[in-house]
Amino acid sequence: NNKRSWREDEYKLPMIRSFFSGKSFRDVSPLLIEKFKSERLATPTKHETTRSRTTVSLELALVSRIFSLAVELGETDKNPCSRVRKLKLDNQRYRYLLPEEEPRLKETLTGQREHLLDLVSIAIGTGLRKNEELSLKVEQLDFVRNVIIATRTKAGKNREVQMNSEVRGILLRLARHKRFGDYVFVNPKTGTRFKDIKHSFQKACELAGIEGLVWHDLRATFGTRLGEAGFDAFTIAQLMGHSDVRTTQRYVRATELNKRAAVEAALLGHNLATRERKASTIVAVSA
């Protein structure tokens, strides 16, 4: 009831039950948890590829959560996972759509991939997560204030994302002749919302000669472009729905120009001149 990703946990459970089959809580020691971790890392996936450390880390987290619940419910008195070292992960993936890649990608979004063109443009222009975008309904579009009310967010709280002119034009076209509760993006083959677009997007990237790009990187493109335009981390965090501004820091890069301006700002004379310019600007605007 309290976890949105419970379906993923349900997928992991048969493997966990198989490994710990016949064991009671008191039989599961830290050493056995270490064995579980080692065997999972050494076991290839069903596609015969190397199992990622992130996958095993999530499996260990689920085992640990099972024990934590058992402690809370009085079924056991300790969690052996607390004495097992967590796997070190490299989660600092940073990839975004380069300016020269965007036109190449959009050129491939024709024919059977035509439905992706609007989806890609909205993703780049709003930073919506894939599920937020695919589940978007007409009732979430406020064309009076030009905002999108994002629901079913990762943080569990609704947020407002402003529309730029391109996004507004696309959404106006898509919402035309639709009812308030209709989905914005509808699969013409099924007449219902798109469930996923991973495979068609990967094919489009392949045809465009773009490597190492996944759908979530379009959201990173939004954040990166805001950062390059000089917007601060707090503004970007609000638009992207980050609960911790530290997550947003990756998008705020200190350019050589910014660093030079920052050093110059340390000069007393520079600060006084800047204040004078700002003051004269305020007077001019007020007038």
Side-chain angles (χ1 to χ4, degrees), residues 8 44-55 89-136 148 150 153-154 161 163-171 173-174 184-190 193-231 233 236-237 239-242 247-256:
E8 296 175 17
T45 67
K46 62 181 180 181
H47 300 294
E48 297 302 319
T49 58
T50 302
R51 192 174 303 281
S52 74
R53 296 172 70 86
T54 300
T55 298
L89 304 176
D90 181 12
N91 289 329
Q92 296 303 311
R93 170 187 170 80
Y94 190 67
R95 174 73 161 97
Y96 60 94
L97 187 66
L98 300 174
E100 61 270 22
E101 292 176 330
E102 185 173 343
R104 285 176 15 219
L105 174 63
K106 290 186 174 180
E107 284 176 7
T108 69
L109 306 183
T110 59
Q112 60 182 357
R113 288 176 297 278
E114 186 177 6
H115 64 284
L116 287 178
L117 183 57
D118 289 335
L119 283 161
V120 166
S121 297
I122 298 297
I124 294 173
T126 63
L128 290 173
R129 295 181 178 89
K130 181 168 63 174
N131 188 56
E132 293 171 350
E133 188 174 0
L134 294 182
S135 62
L136 195 63
I148 300 168
T153 66
K154 187 176 180 181
V161 181
M163 306 179 192
N164 61 33
S165 56
E166 181 187 18
V167 168
R168 188 178 193 277
I170 293 172
L171 292 176
R173 170 170 51 81
L174 293 174
V184 174
F185 298 101
V186 179
N187 188 334
K189 295 181 180 179
T190 63
R193 58 161 284 194
F194 287 100
K195 296 297 189 295
D196 204 352
I197 34 83
K198 180 170 63 176
H199 298 298
S200 54
F201 181 72
Q202 288 176 343
K203 183 62 177 179
C205 289
E206 182 183 330
L207 292 172
I210 299 173
E211 297 181 357
L213 191 79
V214 297
W215 185 268
H216 192 74
D217 296 332
L218 300 181
R219 175 172 159 82
T221 303
F222 173 75
T224 299
R225 291 181 180 180
L226 291 182
E228 290 177 344
F231 291 97
I236 300 173
L239 289 169
M240 299 189 72
H242 291 156
T247 307
T248 319
Q249 290 297 335
R250 71 180 72 181
Y251 302 119
V252 185
R253 292 289 193 268
T255 63
E256 290 302 318

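Residues take their numbers from the sequence shown, with the count starting at 1. Predicted model only: the values in this text are computed from it and were never measured.
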Exercise for the section: Measure the shortest side-chain to side-chain distance between I124 and R225 over non-hydrogen atoms and say whether it is less than 4.5 angstrom. Expected result: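 Answer yes - side chains close enough.
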Problem - Minimum side-chain heavy-atom gap V161-V167 below 4.5 Å - result: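 Counting from C-beta outward, V161 and V167 never come under 4.5 Å.
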Exercise for the section: Taking the side chain as every heavy atom from C-beta outward, state whether K130 and H216 have any pair of such atoms under 4.5 Å apart. Expected result: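 Side-chain contact under 4.5 Å: no.
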Exercise for the section: Mind checking side-chain hydrogen bond (donor to acceptor under 3.5 Å, both in side chains) for T110 and listing every partner two or more places apart, or none if nothing turns up? Expected result: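 With neighbours one apart ignored, the set is empty.
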Exercise for the section: Would you confirm whether R193, through its side chain, and V186, through its main-chain N or O, come within 3.5 Å as a donor-acceptor pair? Expected result: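 Judged by distance alone, no pair lies under 3.5 Å.
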Practice task
Evaluate side chain to side chain contact (heavy atoms under 4.5 Å, CB included) for T55 paired with T45, printing each intermediate quantity in order.
Solution key: CA-CA 10 Å; T55 298; T45 67; over 6 Å; no
Practice task
Only counting residues at least two apart or in another chain, list the ones meeting side-chain contact (heavy atoms from CB on, under 4.5 Å) with T190.
Solution key: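 So T190 forms a side-chain contact (heavy atoms from CB on, under 4.5 Å) with N187, T192.
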Practice task
May I have the step-by-step check of side chain to side chain contact (heavy atoms under 4.5 Å, CB included) for M240 and T247, ending in yes or no?
Solution key: CA-CA 10 Å; M240 299 189 72; T247 307; over 6 Å; no
Exercise for the section: Please identify each residue that fulfils side-chain contact (heavy atoms from CB on, under 4.5 Å) with R168, with sequence neighbours left out. Expected result: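 Expected list: F143, N146, M163, L172.
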Handout entry: Value rounded to 0.5 Å, distance of CD in E133 from CG in L119
Key =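 Reported to 0.5 Å precision, the distance equals 5.0 Å.
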Exercise for the section: May I ask you to check whether over 12 heavy atoms, not counting those of K195, lie within 6.0 Å of atom NZ? Expected result: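 Yes.
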Practice task
Would you check, one step at a time, whether the test side chain to side chain contact (heavy atoms under 4.5 Å, CB included) holds for F222 with L218?
Solution key: CA-CA 7 Å; F222 173 75; L218 300 181; over 6 Å; no
Exercise for the section: Could you list the residues that satisfy side-chain contact (heavy atoms from CB on, under 4.5 Å) with E166, not counting sequence neighbours? Expected result: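 Only K106, S121, N164, I170 meet the side-chain contact (heavy atoms from CB on, under 4.5 Å) criterion with E166.
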Exercise for the section: Determine, step by step, whether T221 and E102 satisfy the side chain to side chain contact (heavy atoms under 4.5 Å, CB included) criterion, reporting the C-alpha distance in whole Å, the side-chain angles of both residues, the deciding distance to 0.1 Å, and the verdict. Expected result: CA-CA 10 Å; T221 303; E102 185 173 343; 5.7 Å; no
Problem - Short N-O contact, E206 and K203, less than 4.0 angstrom - result: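 Between K203 and E206 there is a salt bridge, with a charged N closer than 4.0 Å to a carboxylate O.
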Exercise for the section: Please tell me if the side chains of D196 and F201 come closer than 4.5 Å, counting only heavy atoms from C-beta onward. Expected result: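 Contact flag for D196/F201 side chains = no.
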Exercise for the section: Measure the shortest side-chain to side-chain distance between L97 and I210 over non-hydrogen atoms and say whether it is less than 4.5 angstrom. Expected result: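 When only atoms from C-beta onward are counted, I210 and L97 do touch, with a gap below 4.5 Å.
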Exercise for the section: Under the ring-ring contact (aromatic ring centres under 6.0 Å, His included) rule, collect the residues that match up with F185, sequence neighbours excluded. Expected result: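 If we apply the ring-ring contact (aromatic ring centres under 6.0 Å, His included) test to F185, skipping adjacent residues, there are no hits.
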Exercise for the section: Mark yes when over 12 heavy atoms from residues, nucleotides or ligands other than E100 sit less than 6.0 Å from its CD; otherwise mark no. Expected result: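 Yes, because the 6.0 Å sphere around CD of E100 holds more than 12 heavy atoms from other groups.
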Practice task
State the CG-CG distance between L128 and L134, to the nearest 0.5 angstrom.
Solution key: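 It is 10.0 Å, given to the nearest 0.5 Å.
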Practice task
Output all residues satisfying side-chain contact (heavy atoms from CB on, under 4.5 Å) with H199, sequence neighbours left out; order by chain, then residue number.
Solution key: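 Result, side-chain contact (heavy atoms from CB on, under 4.5 Å) vs H199: Q202.
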Exercise for the section: For residues T126 and E132, determine if any side-chain heavy atom of one lies less than 4.5 Å from a side-chain heavy atom of the other. Expected result: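 They are not in contact (no side-chain heavy atoms under 4.5 Å apart), so the answer is no.
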